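The structure under discussion appears below in the form of structure tokens.
None of these values were measured; they are calculated from a predicted model. Values reported hereafter were calculated over all heavy atoms of this structure, with side chains retained and with hydrogens, waters and symmetry mates removed.
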Amino acid sequence: MNYIELINDFERWLETNYLPISSQLLWYKLIALFNRCGWSEWVTVDNQRLMALMQMKREATFIQCRDKLLEAKLFEFQKGKKGQPNKYKINTFKTVVQSVVKSVVYPVVKSVVKTVDINKHKLNETNNISILTNTSSSDLDTVPTHADEIKIDGLAEDVNSEKENMDDVMFNNAKIIYEAIEYLWNSLGLTKIQGINNARKTMLKARFKEYGKDSFDKCIENIKKSSFLRGQNKNGWTITFDWLIRPNNYVKVLENTYADNKTNNENLIQKSYVKTPTITGKELEDTILANNDLDKF
């Protein structure tokens, strides 16, 4: 599951769907829990914990917020048995679109198709009567079936277009996207950032354009796997956010250049020692006897 992509999908969904602010907050809190749980299929959490995260006192109010999410089909819900917490499962926005198509669009399309078939049948009957009575069918009121077929095609095109737009997740300037990036970076436990200014936004948009929307998540995972980037090197240097988003540095982290492996560790060990000149056994013996101080060796 891609955290940023999921949030971006949600923000796009909100542009055409209504959801109370409190229910939006609950969505974000649940998604954060899924992220902490490694995106397991189901997450078990009780009402009291979610109410504390939302700073909400009345359970009845919380249940109303949750019911709005369930009505919108954003989550699947299993009520816990007596004394057991409830379980939640994320519905991706592809699932939400498919659900809307099945529950709203399909019945409309079927209804229109049925109407077209009836009209065609009536038209055929009228034509047969006209032939038998030598009257023209042009004087009769008929529904133009071609127009109905065009409406059906247009409806199908709209549905396909909406699904394509939902799949085509693009980076934008929405505040929540930058908050998600800030959250992911700060979760590393390194030097925290307090926000993303315009200069950082410009750098980030350039990196996303070059390497795709999933690249930042990949960089975060690679940093977790690199002891060098997290300060375990001879200088004690640690990666910073601004260092990461520079062009040359970003691609190195993305390609896992600093991953922990045997070669990197050997290089680090070799660089940590001061090179000493090679001397013979006799020269070493003379040096020790001359200094008469074995502790130094």
Side-chain angles (χ1 to χ4, degrees), residues 1-12 27-29 31-40 90 92-93 165-276:
M1 187 73 69
N2 185 297
Y3 201 176
I4 296 176
E5 182 175 337
L6 188 61
I7 292 173
N8 209 0
D9 280 349
F10 181 58
E11 289 297 318
R12 289 173 62 86
W27 186 91
Y28 281 110
K29 295 301 181 183
I31 294 302
L33 289 176
F34 273 92
N35 181 53
R36 293 178 186 177
C37 295
W39 300 105
S40 56
I90 300 174
T92 63
F93 285 89
N165 288 337
M166 193 67 71
D167 292 337
D168 185 21
V169 180
M170 299 177 62
F171 188 87
N172 55 56
N173 292 328
K175 180 180 178 182
I176 191 61
I177 298 298
Y178 297 115
E179 289 179 350
I181 292 174
E182 180 181 346
Y183 173 84
L184 288 173
W185 172 263
N186 289 341
S187 68
L188 291 171
L190 302 175
T191 304
K192 295 184 180 296
I193 59 173
Q194 302 301 317
I196 299 178
N197 56 27
N198 290 334
R200 287 173 172 172
K201 290 178 182 179
T202 301
M203 296 286 278
L204 281 169
K205 287 190 287 185
R207 302 295 81 76
F208 272 68
K209 185 176 180 180
E210 291 171 328
Y211 305 108
K213 57 185 178 294
D214 299 332
S215 60
F216 191 83
D217 279 352
K218 183 65 176 176
C219 285
I220 294 296
E221 292 303 314
N222 290 344
I223 293 171
K224 291 178 181 179
K225 300 173 184 177
S226 173
S227 300
F228 178 84
L229 293 177
R230 290 183 283 109
Q232 296 182 28
N233 53 73
K234 64 177 183 179
N235 295 323
W237 173 86
T238 58
I239 187 174
T240 64
F241 185 85
D242 292 318
W243 186 92
L244 170 64
I245 60 179
R246 293 174 186 169
N248 294 337
N249 301 336
Y250 193 88
V251 67
K252 290 179 182 178
V253 176
L254 183 61
E255 293 176 350
N256 216 13
T257 304
Y258 302 98
D260 291 342
N261 55 54
K262 184 177 180 181
T263 301
N264 284 352
N265 289 338
E266 287 177 351
N267 291 337
L268 184 60
I269 292 171
Q270 290 175 2
K271 292 178 181 178
S272 64
Y273 289 99
V274 177
K275 293 183 178 180
T276 58

Worksheet item: At what distance, to the nearest 0.5 angstrom, does CG of L254 lie from SG of C219?
Response: 4.5 Å
Worksheet item: Where does the angle between the aromatic ring planes of W27 and F10 fall among parallel (under 30°), tilted (30 to 60°) and perpendicular (over 60°)?
Response: parallel
Worksheet item: Going by an N to O cut-off under 4.0 Å, is there a salt bridge joining D242 and R200?
Response: yes
Discussion item. Under a 3.5 Å distance rule, please check whether N235 uses its side chain to pair with a backbone N or O of W237 as donor and acceptor.
Written reply: no
Worksheet item: Atom CZ of R12 and atom CD1 of I7: how far apart are they, to the nearest 0.5 Å?
Response: 15.0 Å
Worksheet item: Taking C-beta and beyond as the side chain, do I239 and R230 meet within less than 4.5 Å on heavy atoms?
Response: no
Response to the item:
Rounded to the nearest 0.5 Å, the OG atom of S215 sits from the CD atom of E255 at a distance of 11.5 Å
Discussion item. Could you check whether any side-chain N or O of N186 sits under 3.5 Å from a backbone N or O of I193, counting only pairs where one atom can act as donor and the other as acceptor?
Written reply: yes
Worksheet item: Are any side-chain N or O atoms of T257 and backbone N or O atoms of V253, one a donor and one an acceptor, separated by less than 3.5 Å?
Response: no
Discussion item. Quick check on the 6.0 Å ring-centre criterion: do W39 and Y3 meet it?
Written reply: yes
Practice prompt. Could you tell me whether the side chain of F216 reaches within less than 4.5 Å of the side chain of R207, counting heavy atoms only?
Written response: no
Item to complete: Supply the atom-to-atom distance F241 CZ to T191 OG1, rounded to the nearest 0.5 angstrom.
Response: 12.5 Å
Worksheet item: Cation over ring, K252 on Y258, under 6.0 Å and within 45°?
Response: no
Worksheet item: Is N249 reaching over with its side chain to a backbone N or O of L244, donor-acceptor style, under 3.5 angstrom?
Response: no
Discussion item. Regarding K218 and E221, does a basic nitrogen lie under 4.0 Å from an acidic carboxylate oxygen?
Written reply: no
Practice prompt. Rounded to the nearest 0.5 Å, what's the gap from NZ on K225 to CG on D260? Could you check?
Written response: 10.5 Å
Fill in: Which atom of G231 lies closest to which atom of T238, heavy atoms considered
CA-CG2, 3.3 Å
Response to the item:
In this structure, OH of Y183 is separated from CG of N35 (nearest 0.5 Å) by 5.0 Å
Response to the item:
Nearest heavy-atom contact between K224 and L188 is CG-CD2, 3.6 Å
Worksheet item: Below 4.5 Å, heavy atoms only, C-beta onward: do I223 and L229 meet side chain to side chain?
Response: yes
Worksheet item: Looking at P247 and M203, what are the two nearest heavy atoms and their distance?
Response: CD-CE, 4.0 Å
Worksheet entry | Any side-chain heavy-atom pair of L184 and D217 under 4.5 Å | yes
Worksheet item: Taking atom NZ of K209 as the centre, does the number of heavy atoms from other residues, nucleotides or ligands within less than 6.0 Å exceed 12?
Response: no
